[in-house]
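Atoms within a ligand are numbered from 1 in the order they appear, just like the ligands themselves.
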Amino acid sequence: MATLAAAPANRKVLQGGSFLISDPAAKDCFFPEDFTEEHRQIAQTTTEFAMNEVVPMSDAIESKDFAVTRRLIKVASELGLTSVDIPEEYGGLEMDKVTSAIVADNIARQGSFSVAFSAHVGIGTLPIVWYGTEEQKKKYLPRLASGEWIAAYALSESTSGSDALNARTRAVLSEDGQSYTLNGEKMWISNAGFADLFTVFAKCEVKEGKDAGKERLTAFLVEKGGAGFTVGKEEHKLGIRGSSTCSLIFTDCRIPVSNLLGEVGKGHHIAFNILNVGRYKLGNAAVGAARMTTGHGIRYAKDRQAFGKSISEFGLVQEMLADCAVGVFVGEALSYRTVGMIDAALAEVDKHDTAAIQKVIESYAVECSIVKVWDSEMLDRVVDDVVQIYGGYGYVEEYPAERAYRDSRINLIFEGTNEINRLIITGWLMKSAMSGKLALMPAIQRLMEEVMAGPLEREDHEGPLAEEHALLANAKKLMLFTAGAATQRYMQQLVDQQEVMGAIADMIIEIYAMESAILRAEKMSARQNAEIPMAMARIYAETAMEKIELASRRTLATVAEGDTLRTQLTIHRRLAKHDPADTISLRRQVAQHVLRTGRYAL
Ligand SMILES: Cc1cc2nc3c(=O)[nH]c(=O)nc-3n(C[C@H](O)[C@H](O)[C@H](O)COP(=O)(O)OP(=O)(O)OC[C@H]3O[C@@H](n4cnc5c(N)ncnc54)[C@H](O)[C@@H]3O)c2cc1C
């Protein structure tokens, strides 16, 4: 069976979402320390390209000089960076998903370019890789791999972004069955101002099967320049100003039937499966941006003097620097853990079987949403801290903190807003529990029996992070207990209690982040001196537990009252009880490390 190049073999396949009811071992999780030599090389090539070619062109990119962006994508393609996900027979390199995540991470040194690049190689190109006919793949993929053509993905409309299935754009099959006529308007389309090929989603009547006669979302490949297809004016945005964002207008635009992508009425599969990949890649790009911005903060803090000394000597500045570094460490841990898990599962699938590949990626949808939400919000905190470290200089265009701050914000909105992703996370949990796909109900049942039986036994863990493992075990119990209480109260109507769904999602997200940090530090400690990673894992375990405890308490207060609430809060206190770590000293230790090395370096 043919598998993907560079894919690490022999790693245990972990089921999507299983981290909630099991204790994965560090050795079964993939972290940056597990990169192969090939991975390191691609990281270096990407970094050198971004620093030497892209960053120096920042002013031109920001002024929307799209010729520069196109030229840079062409240069990237000569280095192989645009073809990582494209099969070899169509001009691609066909590498594993870790490689494509490494590219997304290290290219993110200039926000606008990073978005243009990601829209091209990810949501723009992948629909053809996965759903294209042989003819479509042969025609388009070599051009997209070489950067000769640029791709875009057009799902959103002015009245339907999150509610994408409610699109108004229509496609009607001609009487002779030779073409479709497209009418409608798409909005917010990245790369639209200079793209050559668009995956456009429109409602189209299904002719056969159970949906016959109904209009369902359908995807089409639309080339630029055709009659009846115009691109609207550029939007003027808060951030990523150098990326192109326009509407697309279709007025009786004829598309040959050969440009139907996938099946009529199955466009939602394409739209949503592509977004899973978009989400983990967005996470990696956010980590790359956070690493770079943290570096700016560290250097500025070292240089800036106030009250007769470097501001880096002040505890409150050190606290911000430490939080930025911890954010990058945890972001790397949970992002690469996720994509490594996907690769381990893909290693068991034939690389030509695109349906099986999608199924694997879809089975990690909950982790993909977690990565998207956690990393985008981590980046937002990092850019905020770094603006603060720069003081007044953080607020002016001349310094890098200002643009980083503006560029970060979009990540909470596109690829599914963070609210939608939170609903996906808890919705998935409920569905998996109901269907028995994940043994959540028995786990909740066991926990209820345990808490009713009397005082909870503290789980024994060994090793330097034993305390953090015990905290993690209780965090999982707290989440199961809270989710169980909420389900008992609302049953199927839980979906209508969005704030509760959101709070449960927050607990799940923080458990995954906390566990990823602990397992990464543990794995590092087996190979090297890991004093700083250990400190980071301790800081984050404490931070995550604070958030989990709060989300649980807030939820319990709304799902129960009177004696029931009092009993639940007693159990809550037992599960959340722990001796706090000295995070002030730990943050000082981390800050001193990054100040010594002059950058985030692990
Ligand atoms: C710079 C930029 C680039 C983009 N690039 C692309 C692209 O290349 N291709 C593309 O197709 N789209 C693109 N988009 C569109 C983007 O994906 C949407 O903006 C996003 O999905 C949100 O949709 P909306 O703007 O319609 O907001 P809405 O869906 O109207 O949401 C508004 C608010 O309501 C909340 N909300 C909506 N529904 C619910 C719900 N059910 N429950 C709880 N809260 C809800 C949202 O979370 C949000 O806070 C881009 C957008 C921007 C700004």
Side-chain angles (χ1 to χ4, degrees), residues 62 64 69 111-127 150-169 184-202 217 219-220 222 231-248 250 261 267-268 270-279 281-282 285 369 372-373 376-377 380 403 406-427 494-506:
E62 288 304 287
K64 293 191 172 67
T69 304
S112 302
F113 181 78
S114 168
V115 167
F117 179 87
S118 300
H120 170 60
V121 300
I123 56 178
T125 299
L126 279 177
I150 302 295
Y153 169 95
L155 176 63
S156 304
E157 299 187 4
S158 60
T159 52
S160 58
S162 306
D163 190 13
L165 294 182
N166 209 10
R168 289 184 182 174
T169 302
E185 209 169 311
K186 292 284 159 186
M187 195 165 174
W188 314 116
I189 308 311
S190 298
N191 288 353
F194 58 96
D196 306 279
L197 186 66
F198 300 78
T199 298
V200 178
F201 294 86
L217 208 64
F220 299 91
V222 183
V231 175
K233 65 174 179 49
E234 286 290 339
E235 302 292 346
H236 297 290
K237 309 185 293 277
L238 169 72
I240 54 162
R241 289 184 181 161
S243 72
S244 168
T245 314
C246 311
S247 57
L248 310 178
F250 299 100
L261 184 65
H268 57 291
I270 306 184
F272 298 141
N273 282 338
I274 296 299
L275 284 180
N276 282 327
V277 176
R279 283 173 191 151
K281 283 203 188 190
L282 180 147
S369 285
K372 195 272 177 184
V373 173
S376 61
E377 293 178 4
D380 236 37
R403 182 154 54 77
R406 288 188 287 100
D407 286 352
S408 162
R409 191 61 181 83
I410 186 61
N411 293 302
L412 283 74
I413 298 171
F414 58 18
E415 307 284 354
T417 65
N418 284 13
E419 291 72 42
I420 294 293
N421 273 290
R422 283 187 160 87
L423 296 175
I424 290 174
I425 291 166
T426 310
L494 181 56
V495 286
D496 301 324
Q497 306 294 322
Q498 285 202 346
E499 301 89 328
V500 175
M501 298 273 286
I504 294 172
D506 283 340

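Of all protein heavy atoms, the one closest to atom 36 (N) of ligand 1 is Ser162 OG, 4.4 Å. Summary of contacts: the protein heavy atom closest to atom 41 (N) of ligand 1 is Ile420 CD1, 3.9 Å. Looking only at protein heavy atoms, the nearest one to atom 20 (C) of ligand 1 is Ile413 O, 3.7 Å. Of all protein heavy atoms, the one closest to atom 35 (C) of ligand 1 is Glu419 OE1, 4.7 Å. Protein heavy atom nearest atom 21 (O) of ligand 1, with residue, atom name and distance: Gly161 C, 3.8 Å. Here the protein heavy atom with the shortest distance to atom 53 (C) of ligand 1 is Ile410 CD1, 3.4 Å. The nearest heavy-atom contact from the protein to atom 3 (C) of ligand 1 is Ser190 OG, 3.4 Å. What sits closest to atom 12 (N) of ligand 1 on the protein, heavy atoms only, is Ser156 OG, 2.8 Å.
The nearest protein heavy atom to atom 29 (O) of ligand 1 is closer than 4.0 Å. In this structure, atom 33 (C) of ligand 1 has no protein heavy-atom contact shorter than 4.0 Å. In this structure, atom 46 (C) of ligand 1 has protein heavy atoms in its sub-4.0 angstrom surroundings.
At a heavy-atom cutoff of 4.0 Å, ligand 1 is contacted by no atom of Glu235, backbone or side chain. With a 4.0 Å cut-off on non-hydrogen atoms, Gln498 touches ligand 1 through its side chain and not its backbone. For Asn191, no heavy-atom contact with ligand 1 is shorter than 4.0 Å. With a 4.0 Å heavy-atom cut-off, ligand 1 is reached by the side chain of Leu423 but not by its N, CA, C or O.
Using a 4.5 Å heavy-atom threshold, the side chains of Thr69 and His120 count as separate. When side chains are defined from C-beta on, His236 counts as touching Lys64, because their heavy atoms get closer than 4.5 Å. With contacts defined as side-chain heavy-atom distances shorter than 4.5 Å, the pair Ile270/Tyr153 does not qualify. Between Phe201 and His268 the shortest side-chain heavy-atom distance does not fall below 4.5 Å. Residues Thr426 and Arg422 have side chains not in contact (no heavy-atom distance under 4.5 Å, counting atoms from C-beta outward). A 4.5 Å side-chain heavy-atom check between Phe414 and Ile123 finds every atom pair outside the cut-off.
Distance check, rounded to the nearest 0.5 Å: CZ of Arg241 to CZ of Arg406 gives 4.0 Å.
The distance criterion of under 3.5 Å between nitrogen or oxygen atoms is met by Leu155 with respect to ligand 1.
Against a heavy-atom cut-off of under 4.0 Å, Lys237 is close to the following atoms of ligand 1: 1 (C). The distance from ligand 1 to the heavy atoms of Thr417 drops below 4.0 Å at these ligand atoms: 22 (C), 46 (C), 47 (O).
Considering Asn418, Asn411, Thr417 in turn, Asn418 is the only one that fulfils the side chain to side chain donor-acceptor pair (under 3.5 Å) rule with Lys372.
Scanning for side chain to side chain donor-acceptor pair (under 3.5 Å) contacts around Asp196 gives Arg70, with sequence neighbours left out.
Using a distance-only test at 3.5 Å, with no hydrogens or angles considered, no donor-acceptor pair links the side chain of Asp407 to the main chain of Gly239. In this structure, Lys186 contributes its side chain and Thr169 its backbone to no donor-acceptor pair below 3.5 Å.
Residues Ser118 and Lys281 have side chains that never bring a donor and an acceptor to within less than 3.5 angstrom of each other.
Closest heavy-atom approach to atom 4 (C) of ligand 1 within the set Trp188, Phe201, Tyr153: this belongs to Trp188.
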